[in-house]
Structure formats: structure tokens, C-alpha cells
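Letters A, B, ... are given to chains in the order of the sequence lines, protein chains preceding strands, and every chain is numbered from 1.
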2 protein chains.
Amino acid sequence: MDVKTICLGVLTLGDKTGYEIKKHFERAFSHFFVAGFGSIYPALSALTEDGFVTHTDVAQSKRPHKKVYSITAEGRALLMEALLNTPPRHKVRSEFAVLLYFAHLLPCDRLAALIDQRARDIEAMLGNIDCFERDDLPPPSREMVAGLGRAALQAQLNYIREHRDWLLREIDRYQKRGHGSLRRAASGS
Amino acid sequence: MDVKTICLGVLTLGDKTGYEIKKHFERAFSHFFVAGFGSIYPALSALTEDGFVTHTDVAQSKRPHKKVYSITAEGRALLMEALLNTPPRHKVRSEFAVLLYFAHLLPCDRLAALIDQRARDIEAMLGNIDCFERDDLPPPSREMVAGLGRAALQAQLNYIREHRDWLLREIDRYQKRGHGSLRRAASGS
DNA sequence: TGGATTTATATCAGTTTGAAATATATTAGC
DNA sequence: GCTAATATATTTCAAACTGATATAAATCCA
């Protein structure tokens, strides 16, 4: 599934500009799917070219001009086909986890800073998940996606809080036993 | 952080072929970072070209030839720089969550199949997380990464199990009230 | 007044994806 | 003993995505 499909999906909820689609992404499922302008705008251009969406240019007096996109019948058909055939994949790319994995190579204060930063990021996401003022659809699926996100994030936050000090202590001990850390790295092989 | 950095990190744990690096990824943190051959092999080529790793060609009698990579002192320095400067980001791209978000457009049996598939996938990952037979490093960081993964996955699995039937019932009701579903989509606007 | 944020779109080099192609060896089941 | 599947091992590449930068005006806040 690419960004095109998701743009089509969001447009079934009402006509929107590329900017509004991005905002919708952020509000509704930034914790599950990220897409930037760099993928949304080209996706909308391609969809327009193939007749899956149309747009009207709106020149606003007191704002930059904008293009309001609508999904077409062909677009709906394409969306349905994608929704019926996309396998339910789920991919994580966590540079935080990688840093944690190599924690024994890091100074303890850096490690602590990383963990605390990650905790703050999770807290921020938890605070942002779908306080949704129903646009026009209030389907239960929204609640499920929000709940699933909350569950995953809360579990990570709890785990981090419960193991932070333990990890720092253990890493410190590990490094003092002579393993890893910058010392060894700086000394060549 | 790119795949190059992570290859360097894995090579601090011992010399490895590209294939072995991929295996290590899968065992140690497939739930947190995915990288395919298509990114690992080019990364190793680029690292070789810049002197951050070296490799010896090993022609095996009963196997395809292989290249065993080692990290150099310059590579270690580059890794340290990256570990010290990479922000602890964490990104999810869940096509499952997107499908769930548009659940009201799907037939109920498709929705049930998606949920059940996702539950099986999570179970499989939980079964695979780092049953690590310590290569040579047994640092506590490994345990932390594994535990964090387990916590996140288990929370999602529980949530899915607890809400599966509720969602299917609610979506069915929602569609019968005349909203969404294929009917509406097929009828044009 | 003036800096930060919001609305709005475009662009693009660099990176990653994901699948296919290539080859051989081993294991498992029949 | 045969055959299919799996494991070892690398390469390639078009299509997609990332993340940063550029542009420009309006509004919010101090």
C-alpha cells in the first residue's frame, strides 16, 4: 500500500487539500503511519493525472492559493481494490531501539538522555492520539485505531520507566568490567 | 541513521558476511528495524569503498563464495560519531492500522481475516524475539531491547483480542445503518 | 514592531523497498 | 532414491519514500 491509497482513503471522508490530508494523518494516525509533503503532493499529482481524483483551484484573497481534491468514482474503485488486496503488514523502524541495542558502546549520560527523550516523545504522542471531533464519520474503527496506538505506546512507556535505572546500572557495571564503551573503540581493534 | 551505521554496529559483535548481518537483524531486532538485502549489500559496498570496513573473499568448496566483512578503526570512529549524534527516533508504518481505520469500507469477513492475520503475525514475532544464544557479548541492552519489543507486541495482541468481536459487531451495525461499505462506494459518489 | 507559527505548495538528491535473478547444498518427507 | 522445500550467498534495479529546503503570505503573541 502506498501513500496514494491512503490519500484516496482520507478523501472518502470529505474533500481536502494536500495540506489538510497531512493534518488528518497527524491527528488520526501519526503513531501508525507517517507521510510527509514530499510523498503526499506527488501522490495527489499522480492520482489527478490518472483520473482517480479531481481538484479545483481555489485562489484565496488572504491565503496562498490551494487545490481542493475530490475522489472520483474510479478513485473509489481503486481504493476498494487496494483495501481488499493489501496484506496487513506492520513495520517498525526504531533508531531508538538500535541505539539501545548498542548501549554498551555509549557513555551513560548519553544513554540516559536518549531514554528520557524517548519517554517524552511517547508522552507527547499519547497526548495527541485522536481527540477526534468527528468530521462527519464517527465509525468505531477510529476508536480501535486510537486504542491500539495507546496500548502500544503505554506499554513501551511503562517498560522504559520500569527498566531505565536498571539498564543504566547494568551498563555501567558491564563497562567497568572492561567490556565495550568508547575506551575500547578508540584504542583501535 | 542509515543501514550503513547499523551494519557497522553489528560488525562490532564480530566479523560477518552480508547474509549473516541480515540474519542477525532478524534474530535480534526484526521487530524494531527491518533491512533487506537490497539495502545491506549496497551499504557494505559503500563502506568498503570508504575504508570503514574491509572484507576477505572466501571461496567455499561446497557453498557459494562469500565475503566476510570486518570493521576498521575508521569504521569504529564513524560508528561512535553516529551513535553519539543520532536522535532516538521511532517510526511505525502499519498498513494494518490503515486498513483498520477504513474498516467501515470493508466487508466483515475481510476485516475478520485481517485482524486474525495480524494476531498470528504478532504471535510469530513474540515467538522469535531474541532467544539469544549469546554470540560473545551478553550485554543487558540486548535484554532491554527484547523486553521492550515483547511489551509492545503483547500489548497490541491483548488489545486486538479484547476488541476483535466488539469491532466486528460495531462495524456491522454501522454498515447496516446505511453508512459506508462497498454498496455506497460502488454507487459512484 | 517583530518573531514564531500556521496555511499552502513544490522540488529533489539521496535512501530504501521489495521483488526477481542466479547458483549450489542440505534437509525433510514420501 | 527422488523431489520439494529450505538455507546459504550475492546482485540488481525501478519505483517509492524521506527529509530537508524554498517560497510566500497571514495571523498570533508578546
Side-chain angles (χ1 to χ4, degrees), chain A residues 1-8 15-27 30 32-50 53 55-69 82 85-87 89-95 98, chain B residues 1-8 10 15-27 30 32-50 53 55-69 82 85-87 89-95 98 128:
Chain A
M1 173 156 36
D2 53 19
V3 172
K4 278 191 273 186
T5 306
I6 303 180
C7 287
L8 287 176
D15 297 350
K16 286 183 173 50
T17 65
Y19 187 81
E20 286 167 340
I21 291 174
K22 173 90 192 307
K23 292 290 127 178
H24 191 94
F25 263 65
E26 279 167 14
R27 185 166 62 72
S30 59
F32 274 139
F33 202 102
V34 177
F37 294 126
S39 48
I40 291 173
Y41 284 116
L44 290 171
S45 299
L47 288 169
T48 301
E49 208 166 322
D50 296 333
V53 301
H55 62 88
T56 47
D57 255 48
V58 180
Q60 303 175 110
S61 57
K62 322 199 117 197
R63 279 285 173 204
H65 81 107
K66 62 181 178 180
K67 297 179 185 172
V68 179
Y69 289 89
N85 296 312
T86 302
R89 288 195 295 210
H90 180 98
K91 252 179 40 183
V92 181
R93 189 188 179 91
S94 176
E95 305 184 349
V98 175
Chain B
M1 175 156 34
D2 53 19
V3 173
K4 278 191 273 186
T5 307
I6 303 180
C7 288
L8 288 176
V10 174
D15 296 351
K16 286 182 174 50
T17 65
Y19 188 81
E20 286 167 339
I21 291 175
K22 174 92 193 307
K23 292 290 127 180
H24 191 94
F25 262 65
E26 279 166 15
R27 185 167 64 71
S30 60
F32 273 140
F33 202 102
V34 177
F37 294 126
S39 48
I40 291 174
Y41 284 114
L44 290 170
S45 299
L47 287 169
T48 301
E49 208 166 322
D50 296 334
V53 301
H55 63 89
T56 47
D57 256 47
V58 180
Q60 302 174 109
S61 58
K62 321 198 120 198
R63 280 286 174 198
H65 83 107
K66 61 183 179 179
K67 296 178 186 171
V68 180
Y69 289 89
N85 296 311
T86 303
R89 288 195 296 210
H90 180 98
K91 253 178 40 182
V92 182
R93 188 188 180 92
S94 177
E95 305 185 350
V98 174
N128 279 333

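- Not counting sequence neighbours, the partners of B:Asp15 by the side chain to side chain donor-acceptor pair (under 3.5 Å) test are B:Ser70.
- Distances shown here put every side-chain N or O of B:Thr17 at or beyond 4.0 Å from the OP1 or OP2 atom of D:dT8.
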What pairs of donor and acceptor atoms, side-chain ones from residues 33-49 of chain B against any protein atom, are under 3.5 angstrom apart with sequence neighbours left out?
unit_1	atom_1	unit_2	atom_2	d
B:Ser39	OG	B:Gly36	O	3.1
B:Tyr41	OH	B:Tyr19	N	3.3
B:Ser45	OG	B:Tyr41	O	3.2
B:Thr48	OG1	B:Leu44	O	2.7

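- Straight-line distance from the CD atom of A:Glu26 to the P atom of C:dT6: 10 Å, rounded to whole Å.
- Distance A:Ile21 CD1 to C:dT7 C1': 15 Å, rounded to the nearest Å.
- Distance NZ/B:Lys66 to OG1/B:Thr56: 9.5 Å, rounded to 0.5 Å.
- Separating the NZ atom of A:Lys66 from the C1' atom of D:dA25 is a distance of 14 Å, rounded to the nearest angstrom.
- A:Thr5 pairs by the side chain to side chain donor-acceptor pair (under 3.5 Å) definition with A:Asp2, not counting sequence neighbours.
- Rounded to whole angstrom, the span from the OH atom of B:Tyr41 across to the P atom of D:dT11 amounts to 7 Å.
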Table of protein N/O atoms under 3.5 Å from nucleotides 15-18 of chain D N/O atoms:
unit_1	atom_1	unit_2	atom_2	d
D:dC17	OP1	A:Val3	N	3.2
D:dC17	OP1	B:Arg93	NH2	3.2

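- Contact check, B:Tyr19 against D:dT10: no side-chain N or O comes under 4.0 Å of OP1 or OP2.
- A distance of 4.5 Å separates CE in A:Met1 from OG1 in A:Thr86, rounded to the nearest 0.5 Å.
- Nearest to the side chain of A:Pro42, among C:dT9, D:dT10, C:dT11, sits C:dT11.
- Taking atom NZ of residue B:Lys23 and atom P of nucleotide D:dA7, one finds them 7 Å apart after rounding to whole Å.
- If you take NE2 of A:His90 and P of C:dT17, they are 15 Å apart, rounded to a whole angstrom.
- Between the OG atom in B:Ser94 and the CZ atom in A:Arg89 there is a gap of 11.0 Å [rounded to 0.5 Å].
- In this structure, A:Tyr69 places its OH atom 13 Å from P of C:dA8, rounding to the nearest Å.
- One axis for each end of the helix from C:dT1-D:dA30 to C:dC30-D:dG1, each built from five base pairs, and the angle between them comes to 60° at 10° resolution.
- Side-chain atoms of B:Glu20 come within 3.5 Å of backbone N or O of B:Thr17 as a donor-acceptor pair.
- Look at CG on A:Asp57: it is 13 Å from P on C:dA8, rounded to the nearest Å.
- Checking D:dA9, C:dT9, D:dT11 against the side-chain heavy atoms of B:Lys67 singles out D:dT11 as nearest.
- Note that CZ of A:Phe25 and CD1 of A:Ile6 are 4.5 Å apart. Values are rounded to the nearest 0.5 Å.
- Under the side chain to side chain donor-acceptor pair (under 3.5 Å) criterion, A:Lys4 pairs with no residue, sequence neighbours left out.
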